Amino acid sequence: MSANRTVLKIAGENGMGLSSVGEMVQKALKKNGFNIRSEREFPSTIKGGKACNIINFSSSKIYGLSKTIDIAIGLDREGVKDCLETLKPGGILIHGFDRWNKSIKNLPQIVESKKLQVFLLPARDIALENGGSVIMVNTVLLGFLWKVLGLDIDSLRQQIKVQFQDKSSIINVNITCAQAGFEYNFPSKTPSLSVSSNKLDSTKQILIDGNTSLALGAIQAGVRAYYAYPMSPSTSILVYLAKVSHQTKMLVKQAEDEITAAQMALGSMHMGTRALVATSGGGFDLMTETVSLSGMIETPLVITIVQRPGPATGLPTWTAQSDLDLAIYSAHGEFCRIVLACSDATSSFENIQHALNLSEKYQIPVILLSEATIGMGYETTPEFTDNTIPIERGIITATEEIDALQPSDRYQITSTGVSKRWLPGKSKSTYFANGDEHWEEGEITEDEQEAGSMIKKRLIKTKTILDNLPEPEIFGDPMEADISFIGWGSSKGPMLDSIEILAAKNIKANYLHFNYILPLKTAKLIEFCKQNQNVSTIEGNFNGQLSNLIESKTNLKFPQRLLKWNGRPFYVEDIVDFVREKVNKT
Amino acid sequence: MSANRTVLKIAGENGMGLSSVGEMVQKALKKNGFNIRSEREFPSTIKGGKACNIINFSSSKIYGLSKTIDIAIGLDREGVKDCLETLKPGGILIHGFDRWNKSIKNLPQIVESKKLQVFLLPARDIALENGGSVIMVNTVLLGFLWKVLGLDIDSLRQQIKVQFQDKSSIINVNITCAQAGFEYNFPSKTPSLSVSSNKLDSTKQILIDGNTSLALGAIQAGVRAYYAYPMSPSTSILVYLAKVSHQTKMLVKQAEDEITAAQMALGSMHMGTRALVATSGGGFDLMTETVSLSGMIETPLVITIVQRPGPATGLPTWTAQSDLDLAIYSAHGEFCRIVLACSDATSSFENIQHALNLSEKYQIPVILLSEATIGMGYETTPEFTDNTIPIERGIITATEEIDALQPSDRYQITSTGVSKRWLPGKSKSTYFANGDEHWEEGEITEDEQEAGSMIKKRLIKTKTILDNLPEPEIFGDPMEADISFIGWGSSKGPMLDSIEILAAKNIKANYLHFNYILPLKTAKLIEFCKQNQNVSTIEGNFNGQLSNLIESKTNLKFPQRLLKWNGRPFYVEDIVDFVREKVNKT
Amino acid sequence: MSQLHKLINKAEEFSAYESDQKHTWCSGCGNFGILNALKRSLVLENIKPQETLLCFDVGCNSNASDKIKAYTIHGLHGRVASLASGAAIANTKQKVIAMAGDGATFSEGINHLVHAVRNDYPITFIVHNNNNYGLTIGQASSTTKHDFAMNGSPDGVIPEPLNTLQFVLSFNPSFVARSFSGDIEHMTKTIQMALNHRGFAYVEIMQACPTFNKATPQEWYWDKIFDIQTIIGYDKTDIWQARKIVDSLDKDLAVGVIYEKSKPNFVEQLKNREGLGSELIDEVKSTSITGLLQEFR
Amino acid sequence: MSQLHKLINKAEEFSAYESDQKHTWCSGCGNFGILNALKRSLVLENIKPQETLLCFDVGCNSNASDKIKAYTIHGLHGRVASLASGAAIANTKQKVIAMAGDGATFSEGINHLVHAVRNDYPITFIVHNNNNYGLTIGQASSTTKHDFAMNGSPDGVIPEPLNTLQFVLSFNPSFVARSFSGDIEHMTKTIQMALNHRGFAYVEIMQACPTFNKATPQEWYWDKIFDIQTIIGYDKTDIWQARKIVDSLDKDLAVGVIYEKSKPNFVEQLKNREGLGSELIDEVKSTSITGLLQEFR
Ligand SMILES: Cc1ncc(C[n+]2csc(CCOP(=O)(O)OP(=O)(O)O)c2C)c(N)n1
Ligand SMILES: Cc1ncc(C[n+]2csc(CCOP(=O)(O)OP(=O)(O)O)c2C)c(N)n1
Ligand code: SF4
Ligand code: SF4
Ligand SMILES: [Mg+2]
Ligand SMILES: [Mg+2]
């Protein structure tokens with residue numbers, strides 16, 4: 001199944017520095033020229049409960065995640081248990097937990113029935129013998145892993161140097177431990193997993209998560225103020241932007257709550273800089289009134305929602321695509337907005353830039369959706385480059401134009417719905433940015449004609465935008481597929497992988513992906529559904545939120561929906577299994 | 001056009017006690033046996049700007065509003081101007097503003113071109129001559145109105161006594177002024193408008209607004225705590241419930257903000273009383289996170305949104321049906337909810353009771369929509385009676401059942417999605433009402449199986465509810481109409497009137513009305529669309545929010561939509577004009 | 001030169017602030033005086049309409065949003081402190097003033113007040129404290145007198161009125177002043193001082209509301225106010241003296257600057273922007289990120 | 001009899017509160033002690049699990065929501081004061097206790113705190129003040145020490161830490177106490193007193209968070225705390241004494257009941273429910289409205 005990749009799991013109890021082990025492995029694998037797509041699973045607690053890193057790596061490009069674990073490292077009892085349960089039949093388990101057969105129930109049966117290859121290293125002894133401490137058990141295991149994977153130990157050695165650059169005293173002992181693990185031989189058999197690297201030029205690739213990518217996009221797009229209230233899984237955007245704020249000189253402010261963050265961002269945008277906020281669904285609830293204000297006074301506002309499963313606190317560290325309806329319909333009253341959704345690191349980097357441009361050009365709120373699996377998952381992707389998406393602000397700056405401004409230009413009724421915007425202070429013509437219904441200068445009106453046409457002016461922007469927004473993108477041969485999918489967000493990754501995997505099984509699959517969701521572009525979509533007979537939707541939610549939107553805006557109906565709502569992302573297996581049911585060929 | 005009614009407008013500057021004049025007239029008209037449907041128009045300011053009362057009255061039952069003003073009283077310059085502009089051709093204007101021809105531009109032309117019958121009374125002189133003060137000009141005008149309408153002056157006299165019961169010193173002089181107005185004769189012609197009352201038994205009728213009706217429904221349904229933050233047009237619910245709180249002993253608490261109101265209501269509901277909150281769209285934005293919590297912990301919660309046009313502050317004192325999407329889709333995460341919409345005073349009284357029952361039975365949040373035009377408009381309606389809608393709470397109270405409870409019963413996975421609910425303190429079996437994803441006792445879980453099935457358990461309630469919810473109601477002959485409408489909310493009133501008016505023009509119209517909107521019942525609707533060829537939707541919003549919902553849930557499409565979004569309610573004229581365009585017969 | 005004299009010399013500047021929109025306040029409303037004082041202080045400080053951003057909340061007070069010809073925002077109810085702060089830190093050269101009612105400030109938006117004060121964002125914040133919710137027709141606010149029947153609370157409210165100044169003094173403000181809507185000259189002076197403060201200048205105006213606040217009419221205030229400068233030896237940098245002076249809500253209401261502290265404001269304390277000189281609004285441009293990519297390579 | 005002795009006699013009652021769920025706090029976390037003290041005080045006050053409603057916010061502290069076997073709610077972040085108050089006034093016979101972190105109490109939900117205190121709703125409110133946002137991994141809160149690098153604010157926060165007790169004392173509380181997570185016995189006693197208070201009992205626990213609050217570790221507190229009862233002549237009904245005593249945040253941290261006022265609570269002051277005796281939860285029944293219809297006839 002996971003033919004085009006190797007899947008490595010590193011599991012242990014939450015809170016024991018798992019993520020730094022995971023990081024080290026991924027970076028070293030990347031240096032070996034592998035493509036990587038990984039995920040982190042951990043509970044919403046500071047300590048306790050099982051956690052893991054699942055690292056998919058391959059010498060060819062991979063886009064999504066697989067759940068067929070080929071090889072696993074268990075760091076402790078919790079980790080070993082987890083690995084035993086989740087390893088594929090015949091998979092390899094490496095660990096150093098010597099009391100395992102006493103403390104894990106049904107151990108022999110599990111190992112036997114799944115025909116697992118288990119390698120219990122005396123890792124503790126090895127670490128201590130080599131002058132290391134108990135915590136270096138992990139390094140010993142990694143050294144052994146390197147052997148099993150047939151990789152050059154030097155790559156691990158280099159990464160250890162980088163990882164511990166701030167604690168140089170422990171670099172050498174870690175290297176010795178890794179070497180000892182690498183050299184450890186089991187008397188009977190030596191396990192081996194054939195992984196081959198095509199020696200991809202790793203220097204042109206970066207290994208990065210979606211949240212950081214989004215933050216970098218914001219920096220590139222000239223965002224000068226970031227306001228947020230911490231909320232998983234969006235918090236790392238705040239943390240990263242704060243970390244690099246001495247380089248970027250960006251104002252990064254943790255606000256006292258989400259309403260404040262949104263209001264400050266709106267104030268900053270109104271004054272004329274670029275500001276950003278990010279949160280998750282529950283925090284966004286609190287920002288919706290501000291979104292409505294942005295719609296009314298036509299001041300740009302961009303809010304990122306990194307989704308997790310709700311309702312209420314839900315599953316704070318897990319993933320979902322369940323706040324699309326929220327992004328589209330929340331906030332009282334009717335006004336125009338754009339909703340886009342990231343699908344991976346690169347699209348996070350790019351979409352935030354588009355979001356800012358669209359918000360300023362059309363003077364509307366823009367909601368950018370991401371997901372825990374995108375925001376917190378790592379992947380290798382071609383290095384981001386500067387100046388690919390020019391900044392478009394849609395503000396009046398030229399002196400002659402400024403001089404010609406009338407106050408009533410600000411909210412003038414136009415055929416596109418877009419009026420002139422200029423920044424406070426820039427012209428003698430002042431205007432009222434009025435949250436009450438208003439007329440062209442922004443002065444309050446309750447007149448039925450004026451109110452009716454001003455409301456309409458704001459709403460017809462939707463049409464203007466629709467005429468200018470890109471159509472969804474099709475992956476695979478656009479026509480006459482055995483099975484077709486329509487989706488959004490992180491589904492794209494496993495879909496792209498699945499198209500390939502299915503092709504190898506002689507099944508022709510294709511996929512239509514919405515990057516821009518609202519307003520909904522329908523032409524290409526309708527064409528796609530004409531040219532393909534067996535179309536399903538794929539969504540990480542229970543209700544099929546995009547499916548419902550499409551059904552309302554077109555004559556299409558989707559009785560066949562691949563939906564998932566248990567906090568986990570789509571794996572290629574989910575798709576391939578679904579296809580197996582729906583396509584007879586298999 | 002307004003064949004079945006007389007439309008009287010009383011207009012003046014906002015803030016001059018217009019609404020008490022309006023109240024007096026309506027009550028006196030009611031005592032005369034008329035049916036009434038009235039509206040108030042006023043700006044969102046304390047003083048200044050034009051305001052009016054438009055009173056539709058008829059000896060037969062009327063449901064909606066007409067904008068064809070037959071007769072008008074102008075109380076001052078603003079009022080006279082407004083009346084001149086809005087009176088129908090040939091209409092009657094009564095006023096006492098003697099400087100009118102100096103201070104109103106184009107006066108003769110307007111009067112001439114519309115052929116208005118204007119009666120300028122020396123009302124000030126009459127008032128002063130009869131021992132009254134300047135403010136009693138209004139009473140003089142009312143006396144004269146009574147003559148024009150051919151009504152018994154005694155009915156006005158009685159109402160004056162009631163109106164001023166707290167200020168007995170001015171009763172007599174007001175009566176004298178009214179009498180003097182009644183007896184005033186113009187030298188030339190005596191105006192007269194034939195209104196006939198069928199002497200309806202007014203004692204079986206009440207004259208009431210929708211907000212008060214809703215409040216009465218809440219009292220009847222055993223609501224014991226009301227929490228709110230003032231917000232037009234919902235505020236009168238708070239004010240009324242507070243006013244009668246010594247009779248009802250209800251706890252009526254103005255909270256410090258909307259989040260608090262919602263949280264306190266949820267806390268009170270959780271503990272086991274019935275609580276209620278009401279607000280408008282902007283306030284509801286702030287409550288949505290709490291709605292999501294209610295969905296998660298399966299604690300009932302009922303929130304009323306009295307709609308006004310948005311976004312932001314919008315038109316605070318005007319009306320709209322533009323927060324249906326908000327009610328349906330806002331609040332993060334996926335969970336089950338019910339949305340119902342009031343259409344008039346009686347349905348406000350009833351729906352709040354249904355809302356509370358449904359919320360408790362299914363342990364879900366219920367959103368009840370109303371509109372400014374319903375909440376603040378008056379109408380005569382048959383007197384509400386006790387005990388028509390029994391209370392259904394769906395809580396475990398019987399001792400044997402209580403004794404048998406296990407903690408895990410609380411969130412047990414069931415086929416209906418509904419589990420047992422009992423109140424804190426009532427059983428030794430305690431439970432965790434957990435906003436984090438949980439298992440059956442409410443204990444935190446992040447397991448994919450458990451999380452997936454608990455999320456599903458909550459969502460399959462939708463199916464259970466759909467099986468039990470009433471279908472929409474059809475008015476008029478259900479089949480083969482020349483034109484058909486589908487709508488919700490206050491549209492019902494003018495629709496019912498229009499069906500009659502159109503019948504008189506030999507046009508057969510019918511109307512399908514949704515009282516329960518979410519989850520959407522579709523069987524009768526689909527049948528209706530099969531049996532009628534020319535189906536439109538009617539909605540007080542720009543996007544056609546119900547139309548879109550139906551389009552997503554069925555194969556139906558509604559290219560023909562009668563939409564209105566300028567803050568005004570639908571008038572029968574809006575519908576009749578629309579029909580004229582769409583049906584060739586006319 | 002007296003305030004009025006100075007103003008007469010600046011009649012043109014003053015009239016630049018005049019808007020065509022009709023006022024919608026009750027006669028005798030204290031908001032007239034406050035708006036007048038606001039215009040006066042702007043004119044006296046030589047601030048032109050073009051140089052302002054006046055941020056209004058929602059309430060009677062904020063219906064001034066189109067009654068003064070300047071750059072204005074009329075935001076959401078309760079949120080203006082944060083909206084204005086976000087605007088101000090994006091361009092500290094534009095003069096940002098926020099206006100809000102007591103309902104907005106101490107109920108719906110009290111969180112924003114606390115943290116805007118703590119952060120010392122560089123704005124002038126003017127509370128129109130009329131002891132009630134005017135625009136929604138006379139409900140009780142946090143400052144309504146105990147036991148006084150109001151719309152929606154016929155038995156009066158249960159809590160004692162909030163001592164707003166004691167409250168603000170408890171979270172480390174840098175400028176706290178009070179004035180009275182009946183005294184335009186004093187308000188003008190006070191707002192002028194606020195406009196010259198570096199950080200968050202909290203100015204509370206005790207505002208007469210003849211329509212709904214019958215408990216404390218105009219005369220009630222005149223009887224009780226006194227200028228804090230008349231206290232000999234009053235040290236406005238001494239927080240404990242300030243706390244004592246504001247303790248009573250019923251008699252001896254001090255007006256003027258009650259507390260002041262000179263310190264760098266929020267923007268001035270941003271370590272990563274030290275010495276930068278430019279404003280956030282000037283810095284929006286396509287920015288290279290290649291330097292930041294190193295750690296991901 | 002010592003606290004421990006009393007508890008030994010009530011081992012069974014104590015164990016009734018034990019939940020099967022595993023704790024998820026770091027070792028050395030102050031929340032262990034607080035939860036222990038909470039159970040102790042409930043047991044010592046003879047309150048059974050069935051008689052409680054424990055309301056939890058969202059944060060490390062509130063992950064106790066299923067670690068104590070009782071009626072619990074685990075609500076939204078920042079909102080627990082209002083949720084618990086709404087619950088408490090519906091049934092004053094059920095013992096309602098609210099638990100929240102400093103992030104929840106002084107940032108996200110500060111509005112609820114202010115007004116719940118002012119209204120004097122009958123609940124015990126326990127703040128777990130660990131000077132940071134634990135659950136979201138160590139961001140600064142309003143009580144974080146100035147200039148201390150935290151996750152998301154590497155330069156430290158700009159505002160001075162909020163003096164939480166000074167703050168609470170500014171809006172007319174009826175009960176203000178403080179204790180320390182290292183001192184289970186003292187916490188137990190303090191919570192017991194809170195449980196016996198009629199109105200809103202504000203209890204702040206200075207909570208050690210060894211993982212993220214490196215600025216003030218366990219020992220830091222031990223060095224500075226002293227029992228307020230050791231001050232001779234301390235009058236806990238004197239608000240000015242209380243204000244003075246809480247003024248320092250860095251040395252001499254008084255623990256115990258710092259301020260107390262005996263007065264009727266919110267429910268007891270509801271004029272329209274005077275002498276009624278029943279609880280709101282007992283009154284839900286179909287109610288005749290015909291008497292009210294008169295004015296509409
Ligand atoms: C979210 C929200 N809730 C409620 C309202 C309704 N509302 C408008 S003004 C106001 C209170 C006004 O009181 P205050 O702030 O004291 O201003 P004043 O009218 O007294 O000047 C309220 C509750 C609103 N506009 N938005
Ligand atoms: C509306 C909302 N915003 C943000 C969060 C994320 N969040 C969870 S706990 C927490 C802060 C916790 O800090 P504190 O209240 O001090 O509790 P502690 O973890 O320190 O015990 C935050 C911001 C949330 N759950 N909901
Ligand atoms: S209600 Fe009060 S605050 Fe509002 S305009 Fe009238 S007097 Fe002024
Ligand atoms: S992070 Fe701090 S508060 Fe949270 S569990 Fe760990 S020690 Fe306790
Ligand atoms: Mg006010
Ligand atoms: Mg904390």
Side-chain angles (χ1 to χ4, degrees), chain B residues 13-17 19 42-51 78 215 226-247 249-261 278-283 285-286 308 310-314 316-317 376, chain C residues 21-29 31-32 56-67 73-79 83 103-112 130 132-142 144 149-159 162 209-212:
Chain B
E13 202 184 336
N14 187 35
M16 59 165 303
S19 60
F42 59 100
S44 175
T45 55
I46 298 300
K47 204 182 169 99
K50 63 185 184 189
E78 275 298 329
Y226 182 73
Y227 304 101
Y229 189 75
M231 186 162 195
S232 306
S234 71
T235 314
S236 59
I237 301 175
L238 167 69
V239 173
Y240 178 74
L241 287 174
K243 191 179 93 177
V244 298
S245 66
H246 278 267
Q247 280 122 292
K249 315 288 181 203
M250 186 188 289
L251 188 160
V252 180
K253 171 66 187 164
Q254 180 185 317
E256 66 269 18
D257 58 38
E258 286 86 353
I259 302 179
T260 306
T279 182
S280 190
D285 285 350
L286 297 164
R308 69 191 215 192
T313 308
T317 57
M376 303 197 304
Chain C
Q21 303 302 311
K22 269 210 228 156
H23 290 278
T24 54
W25 292 313
C26 310
S27 59
C29 176
N31 284 318
F32 287 106
F56 293 86
D57 206 272
V58 174
C60 283
N61 64 86
S62 293
N63 277 342
S65 62
D66 58 356
K67 316 290 184 295
I73 316 184
H74 194 181
L76 297 175
H77 178 55
R79 314 297 170 198
L83 183 72
T105 306
F106 305 112
S107 290
E108 184 79 84
I110 196 166
N111 47 332
H112 308 292
N130 61 359
N132 83 95
Y133 290 16
L135 191 57
T136 45
I137 324 197
Q139 290 81 22
S141 76
S142 307
T144 300
M150 299 293 288
N151 207 356
S153 34
D155 295 331
V157 288
I158 287 177
L162 180 72
C209 169
T211 305
F212 295 121

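Quick note: numbers below take in every heavy atom, side chains included, and nothing from hydrogens, waters or symmetry partners. Naming convention: chains lettered A, B, ... in sequence-line order (proteins, then strands); numbering from 1 in each chain. All of these numbers come straight from a predicted model, not from anything done at the bench.
The nearest pair of heavy atoms linking C:Pro154 to B:Ala242 is CG-O, 3.3 Å. Taking both residues in full, the closest heavy atoms of B:Tyr229 and C:Gly103 are given as OH-O, 3.8 Å, listed atom of the first, atom of the second, then distance.
Checked by atom type and distance alone, the side chain of B:Gln254 pairs as donor or acceptor with a backbone atom of C:Ala140 at under 3.5 Å.
Under the side-chain hydrogen bond (donor to acceptor under 3.5 Å, both in side chains) criterion, B:Ser280 pairs with no residue at all, not counting sequence neighbours. Every salt bridge (Lys or Arg N to Asp or Glu O under 4.0 Å) that B:Lys243 has, sequence neighbours left out, goes to D:Glu295.
For chain C, the nearby parts of B:Ser44 are the backbone and the side chain; heavy atoms of each come within less than 4.5 Å. Interface remark: C:Phe106 contributes no atoms to any contact with chain B (heavy atom separation under 4.5 Å). Proximity to chain C is limited to the side chain of B:Leu286, based on heavy atoms less than 4.5 angstrom apart. Proximity to chain B (any heavy atom under 4.5 Å) is restricted, for C:Cys60, to the side chain, taken from C-beta onward.
The most heavy-atom pairs under 4.5 Å with chain C, out of B:Met231, B:Glu256, B:Glu258, come from B:Glu256. Considering only heavy-atom pairs separated by less than 4.5 Å from chain B, the leading option among C:His77, C:Lys22, C:Met150 is C:His77.
Distance check: C:Ile158 CD1 to B:Lys253 NZ gives 6.5 Å after rounding to the nearest 0.5 Å. Separation of atoms CD1 (B:Ile259) and CD (C:Glu108) is listed at 7.5 Å; rounding is to 0.5 Å. Separation of atoms OG1 (B:Thr235) and OH (C:Tyr133) is listed at 11.0 Å; rounding is to 0.5 Å.
Here the options are C:Asn151, C:Ile137, C:Thr136, the test is side-chain contact (heavy atoms from CB on, under 4.5 Å), and the partner is B:Val239; only C:Asn151 passes.
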